[in-house]
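Notes follow once the structure below has been shown.
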Amino acid sequence: MGYAYLLLPLAIYVLVILIPVIYAAWISLFDWDGVSAGKWVGLHNYAQAFHDPAVRQALIHSIVLVFFYSIIPVAIGLILTGIIARHPLRAVGMWRTILFLPQVLSVVVVGVSWRWILKQDGPFNQLLRAVGLGRWTKVWLGDFTWALPTEGALGTWMLSGLCMVLLLAGAQSIDTELYDAANVDGAGVIREFLTVTVPGLRNQIVVALVLTFAVSLNNFSLIWVTTQGGPGQETQVASTLIYSRAFIVSAVGDASALAIMLGVLMMVIAYGFTRLSERA
Amino acid sequence: MSRPKPSETVTRYLLLSLVAVGTLAPLAIVVLTAFKKPGAPVSGVSWPRDWSWHTFSSAWHAGQFGAAFRASALISIAVVAIVTTASIAGGYACATMRFPGNRLFFYVLLSGMVVPYVVLVVPIYIEFQNVHLLDSYWGLILAESGLYLPFGMFWMHAFFSSVPRSLIESGNLDGANSFRVLVQILLPIARPVIATLMMLTFLSSWNEYLVPLILDGSGRIQTVSLGLASFQGQHLTDVPSLSAAAIIVALPAVMIYLITQRSFFRGLLQGAIK
């Protein structure tokens with residue numbers, strides 16, 4: 001009986017996920033440019049990936065972005081929630097609507113906007129000059145040292161509000177008597193934060209971490225619209241590397257192997273996350 | 001409960017305002033710039049001297065956004081319909097019925113949620129090339145439905161799991177079959193959760209860039225995101241036109257969000273904070 005309900009979801013799943021993944025696993029065993037006949041190479045594409053400096057570099061960049069997309073927004077959200085949520089808040093709806101707004105915008109809109117804001121004659125450098133930091137002005141997304149942290153900061157801008165919305169909502173369900181009890185015990189602001197706010201928000205913290213982590217590894221579009229992985233390879237991450245290998249340099253077998261490896265890695269990490277949240 | 005001290009109240013709202021300004025300032029800058037004349041040289045932000053609506057209409061025509069709106073609307077509506085139906089059906093079956101493999105089905109479907117889209121879209125491209133689904137509405141609709149379905153399943157499964165079993169059993173006792181239980185008892189109370197899922201799916205599809213970039217490589221179907229990206233390529237130095245185009249693309253999503261935000265957040269927080 002239950003199978004009838006699964007017909008539509010399973011059909012979509014088989015067509016869009018299962019068949020492509022099996023097909024990609026097959027292709028990953030070939031040296032193939034996507035057009036001419038492929039050459040069987042066995043596991044060579046996988047073995048090569050472990051020694052490929054470009055792959056290692058892209059992974060390191062991805063990890064740096066996880067820090068900016070996931071750790072910093074959750075930390076900002078937690079600290080602000082700790083300060084703000086100790087008492088009922090007025091106009092909750094208005095704050096929520098504003099903080100969530102970046103989630104509603106197309107990543108292309110975000111990329112196009114920030115690309116101009118961060119240009120040499122853009123508003124950000126104008127602001128730096130206005131406050132006397134004129135010697136810090138640069139083309140932020142075109143600078144070899146600063147392009148990657150700048151991409152990260154865009155992620156922090158996009159996702160901090162989302163984390164705050166989640167954490168503020170969770171904080172409303174914390175029993176206010178816990179704060180009073182902590183005060184009676186003479187707990188300071190920091191003790192109160194660590195013993196009442198953080199434990200009370202455990203579930204929301206896990207949700208926020210998982211959500212932002214997924215966004216950070218799905219960040220192809222923002223990077224592609226702003227820098228296409230450049231300057232040089234400075235903002236090349238796992239997803240842009242796979243795309244360029246498949247469609248720019250036409251190394252389809254190689255790209256498929258990388259895609260399979262990234263997929264497996266993500267499943268392992270996700271499994272670790274669930275185990276962790278069950279234990280907590 | 002202790003009342004906040006006045007100094008504390010000031011700190012709290014000052015901090016919130018700072019975050020709000022930080023969120024809105026970049027968007028306000030883009031809006032201000034869009035009101036300058038098309039092609040006018042722009043350096044930094046400044047108040048537009050004479051407000052020109054003309055930039056919007058010229059960007060609308062130059063970027064052919066009329067056709068892009070039609071294409072994106074068609075795709076989004078189809079994807080929302082498919083994902084919502086499939087998620088309700090699948091989530092209902094996996095959460096409330098017992099049959100061999102119901103947990104396995106759920107976890108298999110869910111595993112799609114943690115895999116980056118690029119990992120799936122490259123293989124989808126290779127498959128679609130063989131079955132001639134590239135550069136077609138069907139291909140884009142099918143691919144996006146598949147990519148968003150795992151989250152939809154997760155979302156509806158969480159809702160159906162939270163429904164008290166007694167409610168479903170009372171329906172069964174009255175002799176209603178599982179479909180009548182779903183339609184007459186469960187869907188009415190699921191409305192806020194379903195509305196939020198539809199909204200999230202619509203936003204994902206309207207804003208999708210990677211899927212049409214890869215599966216519509218010829219650009220035959222110009223979606224709004226593809227349109228804006230290629231508009232950027234053609235008007236790199238025309239900052240007012242670029243800003244106007246960005247606003248044109250963002251506006252439908254922002255309007256729907258502002259109109260539905262009350263019920264949207266009710267469903268979102270009900271679904272995420274359990």
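As a basis for the values below, the full set of heavy atoms in this structure was taken, side chains included, without hydrogen atoms, waters or symmetry mates. So you know, we letter chains A, B, ... as the sequences are listed, proteins then strands, and number each from 1.
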Practice task
Could you tell me whether the side chain of A:Gln126 and the main chain of B:Val45 form a donor-acceptor pair under 3.5 Å?
Solution key: yes
Fill in the blank from the handout: Smallest heavy-atom separation, B:Val19 atom then A:Met164 atom, equals CG1-SD, 4.1 Å
Exercise for the section: Report yes if some heavy atom in the side chain of B:Leu200 is under 4.5 Å from a heavy atom in the side chain of A:Gln103; otherwise report no. Expected result: no
Handout entry: Student check: side-chain heavy atoms of B:Tyr209 and A:Val225 closer than 4.5 Å
Key = yes
Exercise for the section: Please collect all side-chain hydrogen bond (donor to acceptor under 3.5 Å, both in side chains) contacts where either partner lies in residues 254-268 of chain A, sequence neighbours excluded, each pair once. Expected result: A:Arg245-A:Asp254
Handout entry: Flag if over 12 foreign heavy atoms under 6.0 Å of CZ, B:Phe154
Key = no
Fill in the blank from the handout: Residues B:Leu149 and A:Pro9: closest non-hydrogen pair is CD2-O, 3.6 Å
Exercise for the section: Kindly indicate, with the supporting measurements, whether the criterion side chain to side chain contact (heavy atoms under 4.5 Å, CB included) is fulfilled by B:Val121 and A:Tyr243. Expected result: CA-CA 9 Å; B:Val121 179; A:Tyr243 177 85; over 6 Å; no
Handout entry: Under 4.5 Å from a heavy atom of chain A, the part of B:Leu24 involved
Key = side chain
Practice task
Tell me, for B:Phe231 versus chain A, whether the close heavy atoms (under 4.5 Å) come from the side chain, the backbone, both or neither.
Solution key: neither
Practice task
Counting only heavy atoms closer than 4.5 Å, note whether B:Ile126 contacts chain A via side chain, backbone, both or neither.
Solution key: both
Practice task
Check B:Ala93 against A:Leu6 and note the closest heavy-atom contact, atom names and distance.
Solution key: CB-CG, 4.3 Å
Problem - Main-chain N/O of B:Tyr117 paired with A:Asn218 side-chain donor or acceptor, under 3.5 Å - result: yes
Practice task
Without swapping roles, check the side chain of A:Tyr5 against the backbone of B:Ala86 for a donor-acceptor pair under 3.5 Å.
Solution key: no
Problem - Pick from B:Ser87, B:Ala246, B:Ser204, B:Pro150 with the largest number of heavy-atom pairs that fall under 4.5 Å of chain A - result: B:Ala246
Practice task
Specify the closest pair of heavy atoms between B:Gly146 and A:Ile17, including all atoms of both residues, with the distance to one decimal.
Solution key: O-CD1, 3.8 Å
Fill in the blank from the handout: When B:Thr237, B:Leu236, B:Val42 are each screened for side chain to side chain contact (heavy atoms under 4.5 Å, CB included) with A:Trp116, the one that passes is B:Val42
Handout entry: Which of A:Ala214, A:Ser113, A:Ala25 touches chain B most, by non-hydrogen pairs under 4.5 Å
Key = A:Ser113
Exercise for the section: Working to the nearest 0.5 Å, report the span between CH2 of B:Trp206 and CG of A:Leu105. Expected result: 13.5 Å
Exercise for the section: For B:Arg12 and A:Ile83, work out which heavy atoms get closest and say how close. Expected result: CG-O, 3.7 Å
Handout entry: Structural part of B:Leu16 lying under 4.5 Å from a heavy atom of chain A
Key = both
Problem - Side chain, backbone, both or neither of B:Leu182 within contact of chain A (heavy atoms, under 4.5 Å) - result: side chain
Problem - Heavy-atom closest pair, residues B:Val122 and A:Phe247 - result: CG2-CE1, 4.0 Å
Completion exercise
Bottom line for A:Ile76: the part with an atom under 4.5 Å from chain B's heavy atoms is neither
Practice task
Between chain B and each of A:Val109, A:Val104, A:Val264, count heavy-atom pairs under 4.5 Å; write down the option with the most.
Solution key: A:Val104
Exercise for the section: Sort A:Arg115 into side chain, backbone, both or neither according to what part of it lies under 4.5 angstrom from a heavy atom of chain B. Expected result: side chain
Exercise for the section: Side chain from CB out, backbone as N, CA, C, O: work out which of these in B:Val224 comes under 4.5 Å of a heavy atom of chain A, or both, or neither. Expected result: neither
Problem - Toward chain B, the part of A:Trp32 with a non-hydrogen atom under 4.5 Å - result: side chain
Exercise for the section: With a 4.5 angstrom heavy-atom cut-off, could you sort out which part of A:Phe100 is near chain B: side chain, backbone, both or neither? Expected result: both
Problem - B:Leu27 versus chain A, the contacting section by heavy-atom distance below 4.5 Å - result: side chain
Exercise for the section: Any chance you could measure A:Ser221, atom OG, to B:Leu213, atom CG, to the nearest 0.5 Å? Expected result: 8.0 Å
Exercise for the section: Keeping to residues at least two apart or across chains, list the side-chain hydrogen bond (donor to acceptor under 3.5 Å, both in side chains) pairs with something in residues 11-24 of chain A. Expected result: A:Tyr23-B:Asn130
Problem - Exam field: side chain A:Trp157 to backbone B:Gly22, donor-acceptor pair closer than 3.5 Å - result: yes
Practice task
Name the member of A:Asp121, A:Asn125, A:Val252 that forms the most heavy-atom pairs with chain B at distances under 4.5 Å.
Solution key: A:Asp121
Completion exercise
Ranking A:Ala11, A:Gly122, A:Ala259 by heavy-atom pairs under 4.5 Å to chain B gives rank one to A:Ala259
Practice task
Please look at A:Ala246 and chain B and tell me whether the side chain, the backbone, both or neither of the residue comes under 4.5 angstrom of a heavy atom of that chain.
Solution key: side chain
Problem - Side chain proximity check, A:Pro102 to B:Thr23, heavy atoms < 4.5 angstrom - result: yes
Handout entry: Heavy-atom contact with chain B under 4.5 Å, split by part of A:Ile98
Key = both
Problem - Heavy-atom side-chain contact between B:Ser243 and A:Val112 under 4.5 Å - result: no
Problem - Heavy-atom pairs under 4.5 Å with chain B, option from A:Met267, A:Met266, A:Arg96 with the top count - result: A:Arg96
Problem - Side chain proximity check, A:Trp26 to B:Pro123, heavy atoms < 4.5 angstrom - result: no
Exercise for the section: Find the distance between CD (B:Glu144) and CD1 (A:Ile12) and round it off to the nearest 0.5 Å. Expected result: 12.5 Å
Completion exercise
Ranking A:Leu217, A:Val21, A:Leu15 by heavy-atom pairs under 4.5 Å to chain B gives rank one to A:Leu15
Handout entry: Heavy-atom proximity to chain A below 4.5 Å, by part of B:Ser17
Key = both
Practice task
Considering only heavy atoms, give the residues of residues 251-258 of chain B separated from chain A by less than 4.5 Å, sorted numerically, with 'none' for an empty result.
Solution key: B:Ala253, B:Val254, B:Tyr257, B:Leu258
Completion exercise
Honestly, the part of A:Met261 sitting under 4.5 Å from a heavy atom of chain B is neither
Exercise for the section: Name all residues meeting the side chain to side chain contact (heavy atoms under 4.5 Å, CB included) criterion together with A:Leu178; count only those two or more places apart in sequence or in a different chain, and write none if there are none. Expected result: A:Ile174, A:Asp175, A:Val196
Problem - Separation between CD1 of A:Ile22 and CD of B:Glu127, rounded to the nearest 0.5 Å - result: 10.0 Å
Practice task
May I ask you to test the B:Leu228-A:Ser106 pair for a side-chain heavy-atom distance under 4.5 Å?
Solution key: no
Problem - Portion of A:Leu7 that has a non-hydrogen atom of chain B nearer than 4.5 angstrom - result: neither
Practice task
Mind telling me whether B:Tyr13 and A:Trp95 have parallel, tilted or perpendicular rings, with 30° and 60° as the class edges?
Solution key: tilted
Exercise for the section: Identify which part of B:Leu142 has an atom lying under 4.5 Å from any heavy atom of chain A, answering side chain, backbone, both or neither. Expected result: both
